[in-house]
There are 2 protein chains.
Amino acid sequence: MSKYKGILDHIARYVELSDSEIEEFTSILKTTRVKKRQFIVQPGFVSEYRNYIVEGAVRVFYLDDLGKEHTVIIAIEDWFFTDFYSYIHRTPAEYYAEALEDSLILQMKYEDVEELCNRIHPLCQYFRLFTERSMAYSYKRTISNISKTSEERYWEYVNKYPQIANRVPQYVLASYLGISPESLSRIRSRS
Amino acid sequence: MSKYKGILDHIARYVELSDSEIEEFTSILKTTRVKKRQFIVQPGFVSEYRNYIVEGAVRVFYLDDLGKEHTVIIAIEDWFFTDFYSYIHRTPAEYYAEALEDSLILQMKYEDVEELCNRIHPLCQYFRLFTERSMAYSYKRTISNISKTSEERYWEYVNKYPQIANRVPQYVLASYLGISPESLSRIRSRS
DNA sequence: AAAAATGCTTGACTTTTATCAAGGAATAAA
DNA sequence: TTTATTCCTTGATAAAAGTCAAGCATTTTT
């Protein structure tokens with residue numbers, strides 16, 4: 001099965017592309033394999049790509065002044081990731097993107113995406129609609145962060161993404177939820 | 001000066017529309033005046049519109065089971081607001097949008113926006129690019145929420161939006177930052 | 001101008017979560 | 001299979017923030 005099937009299905013959930021448009025789109029995709037613990041994005045370098053995960057798992061995290069990690073994105077198959085601010089504004093990244101497992105990713109360069117979105121209206125629609133949905137989801141996470149207790153956020157995540165919760169290290173999940181690893185361990189033990 | 005100037009300038013920051021496209025776009029805008037404390041969106045009703053503030057201030061908040069308010073958006077002139085999840089998925093809203101001041105807003109219906117985005121490529125580009133920027137910003141807020149102390153979040157907000165911090169009630173700002181009103185009062189007093 | 005409602009502050013106390021430190025379990029490397 | 005490394009757990013303590021309650025100040029309403 002083509003390595004493009006996943007991403008093309010993803011697009012097809014929103015818009016219909018002609019065969020030639022599909023061909024144009026797949027032609028900008030760069031296939032990359034990364035090993036566990038490898039960095040795909042690093043502070044100081046512009047995040048050139050939107051990345052789609054065909055197989056594997058990746059996280060995007062921020063390393064603060066005290067050396068603590070704060071995870072913004074935990075992504076598995078069929079998810080996109082990048083340092084979005086860096087990608088869009090063409091400024092040096094502030095985050096790391098790190099492979100949590102050996103992964104196969106598809107990368108599309110900013111300039112190529114913009115060029116295609118200018119030319120291909122349905123593709124522009126796809127990114128618009130998909131980003132709007134991501135935005136709606138992002139508000140939900142914000143509400144969760146400002147209104148729920150650590151314990152509530154943990155169980156909410158486990159219910160929503162049971163497969164991910166068991167797949168990534170606990171300290172990664174803790175740093176995603178804004179909880180110390182010790183506290184997360186205690187939350188899990190009392191129940 | 002036209003009440004449309006602000007929103008048209010906003011669009012012009014991203015794309016160029018022809019006169020007829022501008023005409024088509026402005027024709028879907030509904031002008032609404034709301035009084036302070038009036039609700040523009042309420043739980044149970046679908047959030048039909050994307051709302052743009054010409055003059056005034058609005059907040060979007062969630063009322064939890066314990067009766068506590070959690071503010072997701074504080075918006076003033078030249079900002080958009082809606083219950084994004086409800087607006088996009090056409091499901092009943094979970095949030096309130098409440099005018100913090102007497103306000104003048106421009107409302108565009110979901111169906112009209114979709115129809116125009118289908119027909120007018122530059123408008124689709126506008127919403128895509130703008131939403132992507134909102135998304136990049138949203139990640140910053142997430143990082144702030146999971147990695148910073150209440151005090152840091154407060155000063156970060158005051159530095160970023162000094163005019164808003166002095167314009168909205170303190171308990172609104174507290175509920176936006178995920179802090180109790182009492183704690184915010186104490187944070188302000190020690191400095 | 002008086003009364004009511006709203007918003008802010010402060011104190012005392014409680015709860016939650018973080019921190020520091022040590023040890024154990026599991027996994028990966030030699 | 002032994003040794004390292006990584007990850008998780010647990011206990012003791014400290015810090016941060018929330019809660020409850022009362023009072024004051026400001027604005028709005030009558």
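So you know, we letter chains A, B, ... as the sequences are listed, proteins then strands, and number each from 1.
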Base, sugar-phosphate alone, or nothing: which one does [X] contact when heavy atoms must sit under 4.0 Å apart?
X: A/Leu184; answer: nothing
X: A/Ser150; answer: sugar-phosphate
X: B/Glu151; answer: nothing

Please give, in whole Å, the distance from [N] [atom2] to [X] [atom1]?
X: B/Gln170; N: C/dG7; atom1: CD; atom2: C1'; result: 9 Å
X: B/Lys36; N: C/dA5; atom1: NZ; atom2: C1'; result: 12 Å
X: A/Lys148; N: C/dT15; atom1: NZ; atom2: P; result: 23 Å
X: B/Lys68; N: D/dA17; atom1: NZ; atom2: P; result: 15 Å
X: A/Arg188; N: D/dC7; atom1: CZ; atom2: C1'; result: 12 Å
X: B/Tyr154; N: D/dA17; atom1: OH; atom2: C1'; result: 17 Å
X: A/Arg186; N: C/dT17; atom1: CZ; atom2: C1'; result: 9 Å
X: B/Asp64; N: D/dG18; atom1: CG; atom2: P; result: 13 Å

Go through the side-chain N and O atoms of A/Asp78 and A/His10 and say whether any donor and acceptor fall under 3.5 Å apart.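 A/His10 and A/Asp78 do not have a side-chain donor-acceptor pair below 3.5 Å.
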Checking B/Tyr87, B/Phe84, B/Tyr49, B/Phe127 against B/Tyr110 for ring pair (Phe, Tyr, Trp, His ring centres under 6.0 Å), the one that qualifies is B/Tyr87
Taking D/dA21, C/dC8, D/dC8 as options, the one with an atom nearest any side-chain atom of B/Glu182 is D/dA21
Could you tell me whether the phosphate oxygens of C/dT9, OP1 or OP2, come under 4.0 Å of any side-chain nitrogen or oxygen in B/Ser189? no
Exercise for review: Kindly say if A/Ser183 contacts the phosphate of C/dT17, meaning a side-chain N or O under 4.0 Å from OP1 or OP2.
Suggested key: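 False: A/Ser183 side-chain N/O out of range (4.0 Å or more) of C/dT17 OP1/OP2.
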**Asked** Can the positive tip of B/Arg141 be found less than 6.0 Å from the middle of the six-membered ring of B/Tyr176, inside 45° of the ring normal?
**Response**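 Yes - B/Arg141 lies over the ring of B/Tyr176, closer than 6.0 Å to its centre and within 45° of its axis.
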